[in-house]
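Only one structure is covered here, and it is reproduced in the block below.
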Amino acid sequence: MRTLSEWLLPAWARSCHPLLHYELSHFQARDERRQFAALSLLLGGAAIGALAALSPDERLNLTSLVWQSLYLPALILQLFTMIMALTLGAAAVGGDRRRKTWDALRATEFGAGLALRARWAGIVYRLRAPIAVMLLARLILVAGMLYDLTAFGGLYAQMLGAEARPRLPDWRADLLLIALAMTVNLALPVLQIAAVAAFGILLSVAVRERFYALVILTLVIALQLALTAAGAFTIVQALGSGAPSTTDLPYALVLGYSVFGDWGLLLAQLGSLGEIWHRASYGSTISLALMLWVFGLGLAADGMMLLAGRLSESRG
């Protein structure tokens, strides 16, 4: 009988595949459960610290409290994981080139392409502890959203839809868009990490000079940090308690920050989600746009791996 991994994963992404098994054999000594526990404790400690830093007037309801305390620690963990994925991807080929083993691997049929895909999967395997902690934090927030849906006798979703601009025509559409926001919150970080790792691998193949690769790597990381910081500052200013409720929130700002900044954490609490629906014209469709981005991101990651395989076969 076929296992779940055989149904869901291609052959090169299964841990039993020879190339992937070779990639993972270098890291078998690492205790992933210990790493997961340590990261979970760090995330929990940071969340408690953020909770203690909240002013009394910010202490609203339970789910809002959890979201506000988890937001910054989860965002920092995401940035750290992204940098690790990009760095590991950018180092995917350099070691083999220095050891003079890359040309021998390229000489085999589909050798370079399969090796690069195995290393791509290997990066995700190696980062599975921080990815699991990221997903755990988001599952907690999703559970909070489900809990909030029972508020006001189960009418909370209808209230959010009534405040949306434009008003949603049916309460079932409210629930569908909320469910879509929950799905995006779980899928988006995994796809983002996979795409960042694929970009790093493409960079390692396309740029042979280590200095230029390091410069590009540094610029990409700096750009990501700058976009995240600028987007967070702008969003906080727009949604701050001192901002008038009639102030419009640009659709492109929320969508861009959710894509490149916090990977949808802004939509991981019903109060924040409802504020976006109310303050941004057609803000209720942002989760739909993010789902389209998720599909596009998967295609882009696969396309980058195909291009990296072609370049490695033609240029080395």
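Computed from a prediction, not measured in an experiment: that's the story for all the values here.
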Would Arg117 and Asp302 satisfy side-chain contact (heavy atoms from CB on, under 4.5 Å), going step by step from the backbone distance to the final call?
CA-CA 9 Å; Arg117 286 190 176 271; Asp302 190 63; 3.0 Å; yes

State whether the side chain of [X] and the backbone N or O of [Y] hold a donor-acceptor pair below 3.5 Å, judged by distance alone.
X	Y	answer
Glu163	Trp277	no
Thr285	Tyr282	yes
Arg165	Arg279	yes
Arg126	Ile123	no
Gln269	Ser272	yes

Pairwise side-chain contact, [X] with [Y], heavy-atom cut-off 4.5 Å (strictly under):
X	Y	value
Val184	Trp293	no
Ser287	Met291	no
Leu160	Ile178	yes
Leu273	Met145	yes
Gln78	Met134	yes
Leu135	Val190	yes
Val205	Arg310	no
Gln192	Leu297	yes

What is the distance from atom [atom1] of [X] to atom [atom2] of [Y], rounded to the nearest 0.5 Å?
X	Y	atom1	atom2	value
Tyr147	Leu62	OH	CG	6.5 Å
Leu155	Asp174	CG	CG	11.0 Å
Leu127	Met84	CG	CE	6.0 Å
Ser284	Leu180	OG	CG	11.0 Å
Ile140	Leu136	CD1	CG	4.5 Å
Leu267	Trp67	CG	CH2	9.0 Å

List the steps, then state whether side-chain contact (heavy atoms from CB on, under 4.5 Å) holds for Met304 with Trp120.
CA-CA 11 Å; Met304 284 187 284; Trp120 184 34; over 6 Å; no

Which atom names give the shortest non-hydrogen contact between [X] and [Y], and what distance separates them?
X	Y	answer
Val207	Tyr212	CG1-CB, 3.8 Å
Leu265	Ala74	CD1-CB, 3.9 Å
Leu79	Thr228	CD2-OG1, 3.8 Å
Tyr251	Ala289	OH-CB, 3.8 Å
Ile83	Thr87	O-OG1, 2.7 Å
Asn185	Ala268	OD1-CB, 3.6 Å

Hey, quick one: are [X] and [Y] part of the same hydrophobic cluster, counting side-chain heavy atoms closer than 4.5 Å, chains of contacts allowed?
X	Y	value
Leu292	Tyr257	no
Leu219	Ile216	yes
Leu141	Ile76	no
Val215	Leu202	yes
Leu306	Leu299	no

Starting from the C-alpha separation in whole Å, work towards a yes-or-no answer on side-chain contact (heavy atoms from CB on, under 4.5 Å) for Trp263 and Ile193.
CA-CA 11 Å; Trp263 302 349; Ile193 294 298; 3.7 Å; yes

In sequence, state the C-alpha distance, the side-chain angles, and the governing distance for Leu270 and Thr63, and then conclude on side-chain contact (heavy atoms from CB on, under 4.5 Å).
CA-CA 9 Å; Leu270 284 189; Thr63 55; over 6 Å; no

Can you tell which of Val259, Thr183, Val294 makes a side-chain contact (heavy atoms from CB on, under 4.5 Å) with Leu188?
Val294

